[in-house]
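Inspection log for the structure reproduced underneath, given as structure tokens.
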2 protein chains.
Amino acid sequence: MTKEASLKFHMSMGMLINSAHRAMTKRFVQNAMKSGLDISLDQWMVLGPIWQLESASQKELGEITLKDKTSITRLVDILEKKNLVVRVEDQIDHRIKRVILTNAGKQLFFDVLPIMEKTREEVRKDISDQDIETFKKVLSSIIVNLEDEKDKPS
Amino acid sequence: MTKEASLKFHMSMGMLINSAHRAMTKRFVQNAMKSGLDISLDQWMVLGPIWQLESASQKELGEITLKDKTSITRLVDILEKKNLVVRVEDQIDHRIKRVILTNAGKQLFFDVLPIMEKTREEVRKDISDQDIETFKKVLSSIIVNLEDEKDKPS
DNA sequence: TCATATTAGTTGCATATGTAACCATAATTG
DNA sequence: CAATTATGGTTACATATGCAACTAATATGA
């Protein structure tokens with residue numbers, strides 16, 4: 001029995017997702033560290049959209065990353081402490097805080113891109129495109145299956 | 001474009017796993033809470049093997065759940081604080097601590113089984129067995145792809 | 001317009017994890 | 001057999017998350 005088969009046989013889906021998730025975040029951080037970059041996968045998940053949108057409210061970041069507003073607050077705290085982003089109060093709606101990249105943040109974004117690509121390749125090694133497609137489809141279904149009632153569009 | 005398609009289109013694999021993982025742990029805890037049971041998914045992941053093995057060392061628990069020994073220490077701390085398990089020093093090798101269920105732990109184990117099943121059904125809703133198989137296969141491959149060099153059998 | 005509700009974001013408390021340093025107890029070997 | 005190494009487990013520090021309660025600001029509507 002191969003190691004994969006053994007794992008598949010013994011472990012529940014929940015345990016497998018749990019382990020795969022931890023392994024991926026761990027590897028990303030390790031790869032970044034090897035290149036002298038100090039950033040976590042979750043921090044990157046927020047940094048990317050900020051770059052793409054030029055300026056994003058924390059609410060928008062939460063919607064894009066599917067993260068709780070509480071998590072966004074604290075991730076932005078960390079990014080701000082690292083001088084990668086700054087919060088700017090929206091001029092019209094004073095409840096909103098727009099997050100924008102500093103020059104250091106922009107620099108880091110480009111530095112991390114190849115790390116991301118390297119990690120992606122390590123993760124996908126020997127897995128067919130077809131299986132990856134099915135994999136992503138199932139993940140999307142799970143996310144939709146488990147959506148909070150209260151968050152569902154009425 | 002359906003919500004699934006939209007998710008699949010926009011989100012990277014890492015983000016999808018991240019979100020699915022969080023959604024599953026969240027739903028499990030919510031389902032348990034609705035039934036008046038106070039246990040997290042990770043606590044359950046440890047409790048199950050203890051039941052199966054009757055008595056397990058923390059090292060064994062780590063191997064089974066693919067969790068770090070540090071995580072096991074702390075999960076067992078919590079389970080012990082909740083009076084669900086007790087640590088017993090191994091009579092032969094005094095470094096080893098065997099973890100066994102209390103009566104309350106055994107009771108909880110059986111109470112949680114239907115919660116587990118309910119959550120499992122909610123997660124898998126409208127996903128074919130075939131796709132689940134592929135899904136688990138891919139997860140196992142990812143875990144193997146990302147295994148630490150130092151942990152690999154020589 | 002004034003009271004109420006909603007929205008965006010923050011904070012405190014609890015759980016979960018990784019890393020590294022640490023302790024105590026075996027096991028190894030010079 | 002004594003010194004060294006390896007093993008099982010714990011602890012401190014940092015990151016990440018959920019929930020609930022909170023603040024400040026905007027929107028709603030009687």
Side-chain angles (χ1 to χ4, degrees), chain A residues 14-15 17-30 32-33 38-46 56-63 65-82 87-99 146 148 150-151, chain B residues 14-15 17-30 32-33 38-46 56-63 65-82 87-99 146 148 150-151:
Chain A
M15 284 191 183
I17 291 189
N18 187 306
S19 298
H21 173 242
R22 269 183 297 116
M24 284 173 64
T25 59
K26 195 168 159 179
R27 178 60 63 92
F28 174 81
V29 171
Q30 284 172 343
M33 196 141 56
D38 172 29
I39 188 167
S40 75
L41 184 53
D42 291 290
Q43 289 161 23
W44 171 254
M45 279 171 60
V46 174
S57 73
Q58 297 191 189
K59 179 178 166 55
E60 285 168 342
L61 291 175
E63 286 163 354
T65 59
L66 300 189
K67 284 178 187 297
D68 193 87
K69 62 182 179 175
T70 317
S71 294
I72 299 295
T73 290
R74 287 183 279 223
L75 285 168
V76 173
D77 281 349
I78 293 174
L79 294 175
E80 204 169 31
K81 203 184 303 173
K82 289 182 175 175
R87 285 178 168 100
V88 180
E89 194 177 85
D90 189 285
Q91 284 310 301
I92 296 167
D93 187 338
H94 290 205
R95 289 170 303 184
I96 297 172
K97 292 180 183 169
R98 309 215 146 268
V99 185
L146 297 183
D148 282 350
K150 60 178 178 188
D151 294 343
Chain B
M15 284 191 182
I17 290 190
N18 187 307
S19 298
H21 174 242
R22 269 184 296 119
M24 284 173 63
T25 59
K26 193 169 159 180
R27 177 61 62 92
F28 174 82
V29 171
Q30 284 171 344
M33 195 142 55
D38 173 28
I39 188 167
S40 74
L41 183 54
D42 291 290
Q43 289 161 25
W44 170 255
M45 280 171 60
V46 174
S57 74
Q58 298 191 188
K59 179 178 166 56
E60 286 167 342
L61 291 175
E63 285 163 355
T65 59
L66 300 192
K67 285 178 188 296
D68 193 88
K69 61 182 179 175
T70 317
S71 294
I72 298 296
T73 290
R74 286 181 284 221
L75 286 167
V76 173
D77 281 348
I78 292 174
L79 294 175
E80 204 169 32
K81 204 183 302 172
K82 289 182 175 175
R87 285 179 167 99
V88 180
E89 193 178 84
D90 189 285
Q91 285 308 303
I92 297 166
D93 187 336
H94 291 205
R95 290 170 301 184
I96 296 173
K97 291 180 185 170
R98 309 215 148 266
V99 185
L146 297 184
D148 280 348
K150 59 178 179 187
D151 294 343

* Structure fact -> Regarding the side chain of A:K26, the nearest nucleotide among C:dT19, C:dA8, D:dG8 is C:dT19
* Asked: Picking from C:dG9, D:dG18, D:dA25, which would you name as closest to the side chain of A:H94?
  -> D:dA25
* Starting from C1' on D:dT15, measure out to CZ on A:F28 and report it in whole angstrom. => 14 Å
* Would you mind reading off the distance between B:K97 atom NZ and D:dT7 atom P, rounded to a whole angstrom? => 19 Å
* Structure fact -> When rounded to whole Å, the CG to C1' distance for the pair A:D90 and D:dA24 reads 15 Å
* To do: Among the candidates C:dG12, C:dT17, D:dT17, find the nucleotide nearest to the side-chain atoms of B:R22.
  => D:dT17
* To do: Scan A:T25 against the nucleic acid and name what it touches under 4.0 Å (heavy atoms): base, sugar-phosphate only, or nothing.
  => nothing
* State plainly whether the residues A:K67 and A:D42 are in salt-bridge range, i.e. N to O under 4.0 Å. => yes
* To do: To the nearest Å, give me how far apart CD (B:Q30) and P (D:dG18) are.
  => 10 Å
* Could you check which of C:dT19, D:dT7, C:dG9 has an atom nearest any side-chain atom of B:D68? => C:dT19
* Do the side-chain N or O atoms of B:R98 get closer than 4.0 angstrom to the phosphate oxygens (OP1, OP2) of D:dG9? -> no
* Structure fact -> By nearest-heavy-atom nucleotide on DNA chain C, the more 5' of A:K59 and B:E89 is A:K59
* To do: In whole angstrom, give the distance that lies between atom CD1 of B:I96 and atom P of D:dT10.
  => 12 Å
* Between atom NZ in B:K67 and atom C1' in D:dG9, what is the gap in whole Å? -> 17 Å
* **For atom CZ of A:R95 and atom C1' of D:dA25, their distance in whole Å** => 6 Å
* Asked: In terms of side-chain geometry, is the basic nitrogen of B:R87 or B:D77 positioned less than 4.0 Å from the acidic oxygen of its partner?
  -> yes
* Test for a donor-acceptor pair under 3.5 Å between the base of C:dG9 and the side chain of A:K69, counting only N and O atoms. => yes
* Asked: Heavy-atom contacts under 4.0 Å between residues 72-82 of chain B and DNA chain C, which residues?
  -> B:R74, B:L75, B:I78
* Asked: Counting any heavy atom closer than 4.0 Å, what does A:L61 reach on the DNA or RNA strands: base, sugar-phosphate only, or nothing?
  -> nothing
* Asked: Does a nitrogen or oxygen in the side chain of A:S71 sit under 4.0 Å from OP1 or OP2 of D:dG18?
  -> yes
* To do: Could you tell me whether B:R74 and B:D68 make a salt bridge, using a distance below 4.0 angstrom between a side-chain N and a carboxylate O?
  => no
* Structure fact -> Atom CG of B:L41 and atom P of D:dG18 are separated, to the nearest Å, by 13 Å
